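Remarks on the structure that follows.
Keep in mind the model is a prediction, meaning the values are calculated, not measured.
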Amino acid sequence: MSDNRVRVRFAPSPTGPLHIGGVRTALFNWLFARHHGGAFILRIEDTDQKRYVADSIQLITEGLRWLGMDWDEGPEVGGEYGPYIQSERLELYQKWANWLVEQGRAYRCYCTEERLDALREQQKAAKQDPGYDRHCRTLSADERAQNEAEGKPYVIRFMMPTEGSTTVNDLLRGDISFDNKQLQDLVLLKTDGYPTYHLANVVDDHFMEISHIMRAEEWIPSAPIHKNLYDAFGWDMPQLAHLPVILNPSGKGKLSKRSAGFTEGGRKVPVLLYEFLDGGYVPEAIVNFLTNVGWSFGEDREVFTVQETIERFDLSRVNPAGSIFPIEKLDWLNGVYLREMDDHKLAALLRPVFEKAGYEVNLDVLLQVIPLLKPRIKTLPEAIPMGGFFFAEEFKPAPKEELIQKKMDAAGTKAALERAYALLNALTEWSHAAMEGALRPLAEELGLSAGQLFGALRMATTAQQVSPPLFESMEVIGRAESLRRIQLAIASL
RNA sequence: GCCCCUAUCGUCUAGAGGACCAGGACGCAGCCCUUUCAAGGCUAAAACUGGGGUUCGAAUCCCCAUAGGGGCACCA
């Protein structure tokens, strides 16, 4: 199954934190590379100086590593096709842009921003399609010479064919044709000497010997542009596969961090990768979840390991239709992974969560608590209300009213707690089994339901309406402290 | 406005002409278990956008309509 000619890349631009949509694109590329035994390349497309955000590259590399995606070539690891940061390859792009000019396939355009803006306004007013009017494409030799003599700044524009059509093949959708009249004489090289995305992308994919381009669906309209560029250069175009977009839970538009990043219930949906980290999702669950959006394992299976995914991943199972971000499925899946997780590993994840919430964590206690927490949490922060009280420095007894259970009064509650105290105090072994063995008959004797008696004890020992099972909790709290708390409750009645 | 893509339960999806009165999962509802909350088990409701073709036969192929999405920068 190994094909070392498979070379794919993830090519984000460093404009801020990783977006989950980008992560999905990266993941599919990575899975494809690993499945075929090819190379996964990380390339940084920093050709827009205005949008560059410092530290972005680090956020990207850390994010990919967190999810377990390693790259064979790129920043931090190097490679034979580098550099892998586009701002370090400017000469290459300039060379090939100029080559196109020499070949008569591109031209210098001296139009100012003002003229372009005015043109756009005019087109808009006349309800014409927007686009460059190719003014500088037909400049005479004299006009050109004059512009050069004046030292006017210029961009290099591609001379797009104006007739016929361009057909590109998409591995998921088949052939897609575009009327060349729709295509623009787009800018290849900007005034500042930096390439645009289109030029840099084509040049790099060619020289980095990329075999398959897997990118998001919003790039489909630029595929014919790229195709014409490859043709002009005389290069073969890599295979294309446009991955479906992920839509907002609101159903309106692409998944974005703004406006519609909420579910119908008004819940904030995580979108940036760090928001998933902060939200208490684990990487294994995120990866498993992402592979279920736009791709399916088959065999009616929803839960599987990365290794299984790598073995099975292929483009034929990619669904070309866009999909709404199914966040509730991630919650469920995260719960599945948390339940299956090794106790020590979960302890390492939970410890900082409790500490951040202001609790001082005793590792021994945490390890005892984890089995109680496991089936009750879907995300890490949910452990705080469920288990935080185990680490509270000072016990705050529940108010009297809350000790009294349904259809009971203060006197009855007090009497029941006193009897329970006596039985527990007499126990030779402080285990949940022993406690239950002693107290269940008591409930019956007192004519109370298990819910009434245990409810009162829960309130007395944990001061919580909701908690892990009573006796297991008391086991963790310890004999002396549990008995002390029951005494406290009795005294308050 | 123009161009392009897509279309199965509320949602994520299975389905590559007969094995489909359409399967799985999440969510939702009910029941069981149960000391609260979960987890777990069981059951239920829930979909092939519409219309034309092609074919002995269409969720699957073609066309049109509709709907949703994407794109039309010296941003990627």
Side-chain angles (χ1 to χ4, degrees), chain A residues 11-13 15 45-48 50-51 109 111 113 116 120 123-124 127-132 153-157 170 172-173 176-179 181-184 186-192 194-198 200-201 216-224 242 244-245 247 249 251-254 263-264 289 292-303 316-317 319-333 335 339 372-378 382 385-386 405 436 439-440 443 449-459 462 464-471:
Chain A
S13 46
T15 54
E45 308 217 326
D46 59 340
T47 57
D48 186 355
K50 291 186 282 290
R51 293 211 305 158
C109 168
C111 291
E113 228 177 294
L116 261 21
R120 220 168 280 130
Q123 288 166 332
K124 203 177 161 190
K127 293 196 173 172
Q128 290 172 321
D129 289 344
Y132 180 59
Y154 63 87
V155 299
I156 292 179
R157 282 186 188 271
D170 181 289
L172 307 180
R173 300 156 227 271
I176 306 175
S177 290
F178 299 81
D179 196 334
K181 284 196 200 74
Q182 296 289 331
L183 273 25
Q184 308 276 323
L186 52 89
V187 174
L188 298 177
L189 204 67
K190 308 180 215 175
T191 315
D192 64 4
Y194 275 66
T196 58
Y197 164 79
H198 303 288
N201 198 261
E217 188 182 349
E218 62 242 42
W219 294 106
I220 291 177
S222 60
H242 291 93
V245 288
L247 276 11
K252 288 286 163 208
K254 274 196 297 185
T263 59
E264 280 180 15
F289 164 73
N292 275 326
V293 180
W295 185 81
S296 73
F297 192 87
E299 295 181 359
D300 289 344
R301 285 185 61 194
E302 324 281 331
V303 184
S316 71
R317 297 195 73 83
N319 181 168
S323 52
I324 289 175
F325 193 64
I327 184 69
E328 302 205 307
K329 236 171 165 161
L330 174 59
D331 289 337
W332 163 74
L333 206 44
R339 263 171 261 140
L372 308 182
L373 255 26
K374 259 188 184 176
R376 289 164 230 278
I377 58 173
K378 288 198 176 89
E382 289 173 40
M386 184 55 71
Q405 302 297 298
E436 184 163 5
L439 293 181
R440 217 169 260 287
S449 71
Q452 288 173 309
L453 178 61
F454 299 168
L457 275 167
R458 166 174 292 105
M459 240 16 245
T462 70
Q464 300 225 141
Q465 206 81 253
V466 172
S467 83
L470 177 62
F471 303 125

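Taking A:Arg317 as the reference, nothing meets the salt bridge (charged side-chain N to carboxylate O under 4.0 Å, His left out) condition, with sequence neighbours excluded. Under the salt bridge (charged side-chain N to carboxylate O under 4.0 Å, His left out) criterion, A:Glu113 pairs with no residue at all, not counting sequence neighbours. For A:Tyr194, the ring-ring contact (aromatic ring centres under 6.0 Å, His included) criterion is met by no residue, not counting sequence neighbours. In terms of the side-chain hydrogen bond (donor to acceptor under 3.5 Å, both in side chains) criterion, residue partners of A:Arg458 (sequence neighbours excluded) are, by chain and number, A:Ser467. Applying the ring-ring contact (aromatic ring centres under 6.0 Å, His included) test to A:Trp219 and every residue at least two apart in sequence or in another chain returns A:Tyr197. Take A:Glu218 and apply the side-chain hydrogen bond (donor to acceptor under 3.5 Å, both in side chains) test, not counting sequence neighbours, and it matches A:Lys254. Not counting sequence neighbours, the partners of A:Asp331 by the side-chain contact (heavy atoms from CB on, under 4.5 Å) test are A:Arg267, A:Tyr281, A:Lys378, A:Thr379. With sequence neighbours excluded, no residue forms a salt bridge (charged side-chain N to carboxylate O under 4.0 Å, His left out) with A:Lys190.
Taking atom P in both B:G52 and B:A58, one finds a spacing of 13 Å when rounded to whole Å. Between B:C21 and B:C64, the two C1' atoms lie 29 Å apart (nearest whole Å). Taking atom P in both B:A59 and B:A73, one finds a spacing of 43 Å when rounded to whole Å. Taking atom P on both B:U35 and B:U49, the two are 48 Å apart, rounded to the nearest angstrom. For the C1' atom pair drawn from B:C42 and B:U54, the interatomic distance equals 46 Å after rounding to whole Å. With P as the reference atom, B:C61 and B:C5 are 15 Å apart, rounded to whole Å. When the P atom is used for both B:G23 and B:G69, the distance is 30 Å, rounded to whole Å. B:C48 and B:U13: their C1' atoms are spaced 13 Å apart (whole Å).
Pair check for B:A47 finds none; no Watson-Crick or G-U wobble contact set falls under 3.5 Å. B:C42 is paired with B:G30 under the Watson-Crick or G-U wobble criterion, all donor-acceptor distances under 3.5 Å. Pair check for B:C61 finds B:G53; Watson-Crick or G-U wobble, both atom distances under 3.5 Å. Base-pair partner of B:U66: B:A7 (Watson-Crick or G-U wobble, both distances under 3.5 Å). Pair check for B:C20 finds none; no Watson-Crick or G-U wobble contact set falls under 3.5 Å.
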I'd like a table of atom pairs between the protein and nucleotides 11-13 of chain B - only N or O on both sides, under 3.5 Å - with the distance next to each one.
unit_1 : atom_1 : unit_2   : atom_2 : d
B:C12  : OP1    : A:Ile324 : N      : 2.8
B:C12  : O2'    : A:Asn292 : O      : 2.7
B:C12  : O2     : A:Lys329 : NZ     : 2.7
B:U13  : OP1    : A:Gly294 : N      : 2.6
B:U13  : OP1    : A:Ser323 : OG     : 3.3

Could you list all N or O pairs between the protein and nucleotides 61-63 of chain B that sit under 3.5 Å apart?
none

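The residue A:Pro468 sits close to a base: some heavy atom pair falls under 4.0 Å.
If you take NZ of A:Lys374 and C1' of B:C37, they are 18 Å apart, rounded to a whole angstrom. Note: CD (A:Glu328) to P (B:C28) measures 7 Å, nearest angstrom. Distance CZ (A:Phe297) to C1' (B:A14): 14 Å, rounded to an integer number of Å. What separates CG of A:Asp179 from P of B:C2 is a distance of 14 Å, to the nearest Å. Going from atom CZ of A:Phe471 over to atom P of B:C37 covers 16 Å, rounded to whole Å. In this structure, A:Leu183 atom CG and B:C3 atom C1' are separated by 10 Å, rounded to whole Å.
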Per-nucleotide protein contact string for nucleotides 38-51 of chain B (B base, S sugar-phosphate only, - none; heavy atom under 4.0 Å): BSS-----------

5' to 3', nucleotides 68-76 of chain B under a 4.0 Å protein heavy-atom cut-off (B base, S sugar-phosphate only, - none) gives -SSS--BBB

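Within the 3.5 Å criterion, the main-chain N or O of A:Glu302 finds a donor-acceptor partner in the side chain of A:Asn292. Under a 3.5 Å cut-off, the side chain of A:Gln184 and the backbone N or O of A:Tyr132 do form a donor-acceptor pair. In this structure, the side chain of A:Glu217 engages the main chain of A:Val245 through a donor-acceptor pair within 3.5 Å.
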